[in-house]
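Before any comments, here is the structure.
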Amino acid sequence: MTSSPIDDDEPPEHRRYAQYLLALESVAEAEEAGLLAAVLRDEDRSMAEAAVNQHLERRAAEQLNC
């Protein structure tokens, strides 16, 4: 038995969280603020804030390793 990379029982906000992180990881610097604002307009505020926080933590770590 193999597991599917997308679980049909996975809540939609979990999928959106993963999609947001992927988008934020590859966004151009000039477009970052707009994408962050779009993420924060998500109906699930807790999930959106978690995605933004994760992104900002990742960006901070990158800056410290420069």
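Heavy-atom basis, side chains included; hydrogens, waters and symmetry copies ignored.
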### Query
Atom CG of L56 and atom CD of Q63: how far apart are they, to the nearest 0.5 Å?
11.5 Å
### Query
If every non-hydrogen atom of A48 is compared with every non-hydrogen atom of D42, which pair is closest and at what distance?
CB-CB, 3.9 Å
#### Entry: Nearest-0.5 Å distance, CG of residue L24 to CG of residue L36
5.5 Å
### Query
With a 4.5 Å limit on heavy-atom distance, are the side chains of D44 and Y17 in contact?
no
### Task
Mind listing the closest non-hydrogen atom pair of V39 and A51 along with its distance?
CG1-CB, 4.3 Å
### Message
The test is side chain to side chain contact (heavy atoms under 4.5 Å, CB included); show your working for R59 and E32 and say whether it passes.
### Response
CA-CA 11 Å; R59 292 272 286 133; E32 185 177 31; 3.0 Å; yes
### Query
Are M47 and Y20 close enough that some pair of their side-chain heavy atoms sits under 4.5 Å apart?
yes
#### Entry: Contacts of R45 that satisfy side chain to side chain donor-acceptor pair (under 3.5 Å) - sequence neighbours left out
E49
#### Entry: Where at least one partner belongs to residues 20-29, residue pairs that pass salt bridge (Lys or Arg N to Asp or Glu O under 4.0 Å), sequence neighbours excluded
E25-R58
### Task
Run through the side-chain heavy atoms of Ile, Leu, Val, Met, Phe, Trp and Tyr, join any pair under 4.5 Å, and report what else lands in L64's cluster.
none
